[in-house]
Amino acid sequence: MLNVLRIANLSLLILFPIAWFAPLMRAGLLPLFGLNEISVITGMQALWESDVALALLVTAFALFAPYLKTIGIALIHFNLLRRKALPALSWLGKLAMADVFLIALYIVVVKGIGFGKVETAWGLYLFTACILASIVISTLTAKQKT
């Protein structure tokens, strides 16, 4: 079981960057982005130009939190980090899930006010799947005996 968790977790080190560059949504007539396809990276680029504080939060939630958690879990799997770090790593995963919620909320708000057209794209599903897989991997890692 540990080898399956190791492989699944290490695959997230590849899948997260793909999810960051993959299109989350296709949008038209949005003044903030002016893009056809919006990814985590293009969204953050637009935020850095308009709101640095929010850009820092999104960068922490979307990039650093899930990646640091994945690295931390890998270190635990290879006995390079103590299992006592699991609660803190779990907390990082929850921060990343908050980012997925904010993206979904943004889509609902834009669709609700009828201000342009927004369609979800495959990157949103990939990013969400990566976050959920990370949560499952950390939960199963916590349940394993040392």
Side-chain angles (χ1 to χ4, degrees), residues 3-142:
N3 284 334
V4 173
L5 289 176
R6 282 181 183 172
I7 292 168
N9 190 60
L10 292 175
S11 69
L12 290 176
L13 293 174
I14 297 167
L15 292 173
F16 270 122
I18 293 171
W20 297 331
F21 287 94
L24 296 173
M25 64 186 95
R26 289 176 193 83
L29 300 174
L30 292 178
L32 179 61
F33 295 105
L35 304 171
N36 287 336
E37 289 188 338
I38 301 167
S39 68
V40 171
I41 298 299
T42 58
M44 285 192 318
Q45 287 172 338
L47 281 175
W48 279 106
E49 294 172 5
S50 63
D51 190 343
V52 175
L54 184 58
L56 284 170
L57 281 174
V58 171
T59 301
F61 287 179
L63 300 180
F64 295 133
Y67 218 68
L68 288 174
K69 178 185 177 189
T70 304
I71 291 169
I73 295 292
L75 292 173
I76 289 172
H77 286 163
F78 290 99
N79 297 318
L80 298 171
L81 183 65
R82 299 177 91 190
R83 295 177 67 80
K84 289 182 179 182
L86 276 171
L89 294 174
S90 177
W91 187 74
L92 283 175
K94 290 175 181 147
L95 287 177
M97 198 62 209
D99 195 57
V100 171
F101 171 75
L102 290 175
I103 293 167
L105 182 65
Y106 172 74
I107 291 170
V108 169
V109 166
V110 170
K111 281 186 172 185
I113 61 173
F115 186 68
K117 183 176 181 178
V118 178
E119 299 173 351
T120 57
W122 65 273
L124 179 62
Y125 301 108
L126 177 61
F127 186 61
T128 304
C130 287
I131 298 298
L132 293 175
S134 178
I135 291 170
V136 168
I137 291 167
S138 64
T139 301
L140 292 175
T141 298

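- For S11 (side chain) and A8 (main-chain N/O), a donor-acceptor pair under 3.5 Å exists by modelled atom type.
- Atom OG1 of T42 and atom CG of L47 lie 10.0 Å apart (nearest 0.5 Å).
- Evaluation of the side-chain contact (heavy atoms from CB on, under 4.5 Å) rule for W48 yields M44, V52, A55, L56, T59 as partners, not counting sequence neighbours.
- Heavy-atom contacts from other residues, nucleotides or ligands closer than 6.0 Å to CH2 of W122 number more than 12.
- Within the model, atoms CG of L81 and CD1 of I76 stand 4.5 Å from one another, a figure rounded to the nearest 0.5 Å.
- Taking CD1 from I7 and CD1 from I137, the interatomic distance works out to 11.0 Å, rounded to the nearest 0.5 Å.
- Residue pairs meeting the side chain to side chain donor-acceptor pair (under 3.5 Å) criterion with at least one member in residues 130-141, sequence neighbours excluded: K69-S134, K69-S138, H77-T141.
- What you find for A74 and N9 is that their closest heavy atoms are N-ND2, 3.2 Å.
- Rounding to the nearest 0.5 Å gives a distance of 11.5 Å between CD1 of I73 and CG of L13.
- Residues passing the side-chain contact (heavy atoms from CB on, under 4.5 Å) test with Y125 are T120, sequence neighbours excluded.
- Here the closest heavy-atom approach between residue P66 and residue A60 is recorded as CD-O, 4.5 Å.
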List the atom pairs, donor and acceptor, that lie under 3.5 Å between side-chain atoms in residues 15-24 and the rest of the protein, sequence neighbours left out.
unit_1	atom_1	unit_2	atom_2	d
W20	NE1	A62	O	2.9

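- For T128, the side-chain hydrogen bond (donor to acceptor under 3.5 Å, both in side chains) criterion is met by no residue, not counting sequence neighbours.
- Listed by chain and residue number, M1, L5, V136 satisfy the side-chain contact (heavy atoms from CB on, under 4.5 Å) test with L140 (two or more places apart in sequence, or in another chain).
- How far OG1 of T70 is from CG of L10: 9.5 Å, rounded to the nearest 0.5 Å.
- The shortest heavy-atom contact between R26 and A121 is NH1-CB, 3.4 Å.
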